[in-house]
Amino acid sequence: MFRLASEPARPCTKTTSGRGRRSKGRSSLAASFSPSGKGRSRRSPPGGSGGTPHSTLRKVCRSAPNQGGRSWNGGMVSSGMSHFPFVVSVLEDAPTSVYARGRKPDRSESPIPAGQRFMADAVVTRFAPSPTGFLHIGGARTALFNWLYARHAGGKMLLRIEDTDRERSTDAAIAAILDGLSWLGLEWDGEVIYQFTRADRHREVAESLLAAGHAYRCYATPAELDAMREAARAEGRPPRYDGRWRDRSPSEAPAGVKPVIRLKAPREGETVLDDKVQGQVRWPNKDLDDLVLLRSDGTPTYMLAVVVDDHDMGVTDIIRGDDHLTNAARQLHIYQALGWEAPAMAHIPLIHGPDGAKLSKRHGALGVDAYRAMGYMPQALRNYLVRLGWSHGDREFFSTQEMIEHFDLARVGRSPARFDFAKLESMNGHYIRASRDPDLVAALEATLPYLAGAERLPRGFDPPLRDKLLAAMPGLKERAKTLVELLDGAAFLFATRPLELDARAQGLLDAGGRAHLEGLLPRFAALSAWTATGTEATVRDYVGETKVKLGEVAQPLRAALTGRATSPGIFDVLEVLGRDESLARMQDQVSGPTASGERPSPSA
RNA sequence: GCGCCCAUCGUCUAGCGGUCUAGGACGUCGCCCUUUCACGGCGAAAACAGGGGUUCGAGUCCCCUUGGGCGCGCCA
């Protein structure tokens, strides 16, 4: 009756070890059922011929066979608890437990030939944001992990927009999420699924649960619920629904109250989740209440919707923020009632702000579009994000291919990470320096519409400017950590005469620099070929003859040519700017200001 | 309040009982390179939260404390 047609479930024999918890023993879990690719229980066992003797499989079923787990032993073998199809088992010291599929190796015991199961069992992950705001950095990382995991396994990542909250969901948010994912290069497979469109299906499932006796109508009013929670809190009990309508006859229903449908959740025993990141987590069922499946207006709640959708979409692995960890327990109850096998789950730690608290508006939480505007490149952001919580030895940099190749959930840590702009910036700088010049020009151009500080170039780059950009890029890119800085550093290329000088440049010129400009002007003008080596030779000659330091000449030159005190190597600047423009900019500083008034004598 | 999760340099992390007088990266500081600023090179300071166990041996296993975080809706 509860059997899933396609999945003749076979209860896992979960032996117990009283202490069970992995404590860093994630590794031990991983040892036998590596949650990542190959070692996963759902695949053929590593090195396993498939003909593994049954007895071995039973052991494999236990989670921590090595270290610390000495108390694991043959323990108990499950009995006929198969009325929970996907579930399981009997623990020596605890009643019925509910299992998510996670590391549970029961399928190795499935009657379905291993090979066949393997083939039909491609990984399907999903990213399921709710469109109530932009795609923030935490969501972006969740999406990245889902994407990486799916790609690594040769599976798919689906995208589902959880828009059942009609009040708060907006089209703008949906657009921002789609745009953010695309910019990050995280393509999803198939069509975007809008949860709200599936409300009928959700309702139908709720009704079926009702019909099967796994759910009931609850007529408690919001006021009643509030009172209930308050009382519980006052008594030091968890604020939970008390189940007052759980066994009441519908005939007692008060008139005029539209009921909600609640799940009849198990009250005894405990619910166990073998999370791929968190390890084994257990909750006493008495602490979990009868959640609402269908609201009084007939719309599904998130809890119901996720379960139904994940099931219908064929999701095999749920990777989401660990703020959903408690939800997992409740969702497991729904799977149980439905007789569906729960997907494997991985709850990844959240990203925190500098103060260690969950990233939120008060940290100035930003959408990924903001990172684009700040000039970070998607590949750099991806690399930074993947290293937040995941590691592969000492390695810091990964190409997309390498990320896909190496990514696995077993190496995802369980402690939250703080977002650090300095490191992101440094990584972005690495990516800029490592990029090919034409790619950088293209990236700059493509990002221009979003870039902060790009107002000066409303029409983008014209061909001559593009050429100059390309020519100057080697000197420009090693001075920029973001595209914004890159553009800013390139500003002298598209600045128009007479240049605006910043204070430091002005100072350089006022401090006697103009004299050197004047001295250089005729020598430059006499140059037959305008190249960096040519101008350098000229300047060095001048310096030699006048016995001044190179810096005393180079700096004023820089000020005149770029309007700033810093720039790429000055001879490269000279070359990129070209003879006419260079001489004109120098001339501007020698004679320009005087035209309009008395230049204060620098030496007086 | 209750439940769950977490805990190595300021930050991200390596470490999966002995090779740890704890490694890498960012940041910080110093030196070198140098026409500026960068880049690059070299070097330095900087951490196993505390307490109990287990063990011949613990950053690594267990427990407690402390400190953080998340959750507790007819929100998702």
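The structure displayed is predicted, hence computed values, not measured ones. Reminder, nothing fancy here: chain letters follow the sequence lines and each chain counts from 1.
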Margin query: For a quick test of reading the model, state the closest non-hydrogen atom pair linking A/Leu561 to A/Val573 and the distance between them.
Written below: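 Closest approach of A/Leu561 to A/Val573, heavy atoms only: CB-CG1, 4.2 Å.
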
Checklist line | Closest contact, heavy atoms only, A/Val272 versus A/Gln280 | finding: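 Closest pair (atom of A/Val272, atom of A/Gln280, distance): CG1-CG, 3.5 Å.
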
Of the listed nucleotides [options], the one nearest the side chain of [X]:
{"X": "A/Ser415", "options": "B/C6, B/U35, B/G10", "result": "B/C6"}
{"X": "A/Leu225", "options": "B/U35, B/C74, B/C39", "result": "B/C74"}
{"X": "A/Leu325", "options": "B/C74, B/C4, B/C37", "result": "B/C4"}
{"X": "A/Val292", "options": "B/U36, B/G40, B/C74", "result": "B/C74"}
{"X": "A/Ala554", "options": "B/U35, B/U13, B/G73", "result": "B/U35"}
{"X": "A/Met303", "options": "B/G71, B/U11, B/A76", "result": "B/A76"}
{"X": "A/Ser130", "options": "B/G1, B/C39, B/A76", "result": "B/A76"}

Does a nitrogen or oxygen in the side chain of [X] sit under 4.0 Å from OP1 or OP2 of [N]?
{"X": "A/Arg320", "N": "B/G71", "value": "no"}
{"X": "A/Arg229", "N": "B/G73", "value": "yes"}
{"X": "A/Arg411", "N": "B/A14", "value": "yes"}
{"X": "A/Arg262", "N": "B/C74", "value": "yes"}
{"X": "A/Lys477", "N": "B/A38", "value": "no"}
{"X": "A/Thr164", "N": "B/A76", "value": "yes"}
{"X": "A/Ser391", "N": "B/A14", "value": "yes"}
{"X": "A/Arg433", "N": "B/G40", "value": "yes"}

Pick the [atom1] atom in [N] and in [M], then give their distance to the nearest Å.
{"N": "B/U54", "M": "B/A44", "atom1": "C1'", "answer": "39 Å"}
{"N": "B/C12", "M": "B/U28", "atom1": "C1'", "answer": "16 Å"}
{"N": "B/C37", "M": "B/U11", "atom1": "P", "answer": "31 Å"}
{"N": "B/U13", "M": "B/G71", "atom1": "C1'", "answer": "27 Å"}
{"N": "B/C16", "M": "B/G23", "atom1": "P", "answer": "14 Å"}
{"N": "B/C9", "M": "B/G59", "atom1": "C1'", "answer": "13 Å"}
{"N": "B/U21", "M": "B/U60", "atom1": "P", "answer": "14 Å"}
{"N": "B/A38", "M": "B/C26", "atom1": "P", "answer": "16 Å"}

Can you tell me the Watson-Crick or wobble partner of [N], both distances under 3.5 angstrom?
{"N": "B/C9", "value": "none"}
{"N": "B/A44", "value": "B/U28"}
{"N": "B/G3", "value": "B/C70"}

Rounded to whole Å, how long is the line connecting atom [atom1] of [X] with atom [atom2] of [N]?
{"X": "A/Asp502", "N": "B/U36", "atom1": "CG", "atom2": "C1'", "answer": "12 Å"}
{"X": "A/Lys286", "N": "B/C72", "atom1": "NZ", "atom2": "C1'", "answer": "14 Å"}
{"X": "A/Tyr302", "N": "B/C72", "atom1": "OH", "atom2": "C1'", "answer": "15 Å"}
{"X": "A/Ile570", "N": "B/C37", "atom1": "CD1", "atom2": "P", "answer": "13 Å"}
{"X": "A/Arg244", "N": "B/C74", "atom1": "CZ", "atom2": "P", "answer": "13 Å"}
{"X": "A/Trp390", "N": "B/A25", "atom1": "CH2", "atom2": "P", "answer": "18 Å"}
{"X": "A/Met228", "N": "B/G73", "atom1": "CE", "atom2": "P", "answer": "12 Å"}
{"X": "A/Asp287", "N": "B/C72", "atom1": "CG", "atom2": "P", "answer": "15 Å"}

Check: Hey, what do you get for NE2 (A/His333) to CG (A/Asn285), rounding to the nearest 0.5 Å?
Finding: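 It comes to 4.0 Å.
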
Please determine if [X] forms a cation-pi arrangement with [Y], meaning its NZ or CZ atom is less than 6.0 Å from the six-membered ring centre and no more than 45° off the ring axis.
{"X": "A/Arg141", "Y": "A/Phe145", "answer": "yes"}
{"X": "A/Arg160", "Y": "A/Tyr194", "answer": "no"}
{"X": "A/Arg166", "Y": "A/Phe196", "answer": "yes"}

Kindly indicate whether the side chain of [X] and the base of [N] share any N or O donor-acceptor pair separated by less than 3.5 Å?
{"X": "A/Arg504", "N": "B/U36", "result": "no"}
{"X": "A/Asp323", "N": "B/G71", "result": "no"}
{"X": "A/Arg479", "N": "B/C37", "result": "yes"}
{"X": "A/Ser296", "N": "B/C74", "result": "yes"}

Among all residues two or more places apart in sequence or in another chain, which pass the ring-ring contact (aromatic ring centres under 6.0 Å, His included) test with [X]?
{"X": "A/His324", "value": "A/Tyr302"}
{"X": "A/Tyr384", "value": "A/Phe419"}
{"X": "A/His516", "value": "A/Tyr542"}
{"X": "A/Phe492", "value": "none"}

Item checked: Positive for salt bridge (Lys or Arg N to Asp or Glu O under 4.0 Å) with A/Asp310, one of A/Arg126, A/Arg198, A/Arg320 ->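 Among A/Arg126, A/Arg198, A/Arg320, the one that satisfies the salt bridge (Lys or Arg N to Asp or Glu O under 4.0 Å) with A/Asp310 is A/Arg126.
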
Item checked: Per-nucleotide protein contact string for nucleotides 29-34 of chain B (B base, S sugar-phosphate only, - none; heavy atom under 4.0 Å) -> ------

Note to self: Base, sugar-phosphate or nothing for A/Asn327? Non-hydrogen atoms, less than 4.0 Å.
What the structure shows: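 Answer is base: heavy atoms of A/Asn327 come under 4.0 Å of a base.
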
Please enumerate all protein N or O atoms sitting under 3.5 Å from an N or O of nucleotides 45-50 of chain B, with distances to 0.1 Å.
none

Item checked: Residue that, paired with A/Glu485, satisfies side chain to side chain contact (heavy atoms under 4.5 Å, CB included) out of A/Lys477, A/Met374, A/Glu425 ->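 With A/Glu485 as partner, side chain to side chain contact (heavy atoms under 4.5 Å, CB included) holds for just one option, A/Glu425.
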
Next item on the list: Kindly indicate, with the supporting measurements, whether the criterion ring pair (Phe, Tyr, Trp, His ring centres under 6.0 Å) is fulfilled by A/Phe407 and A/Trp390.
Entry: CA-CA 8 Å; A/Phe407 186 79; A/Trp390 176 77; 5.5 Å; yes

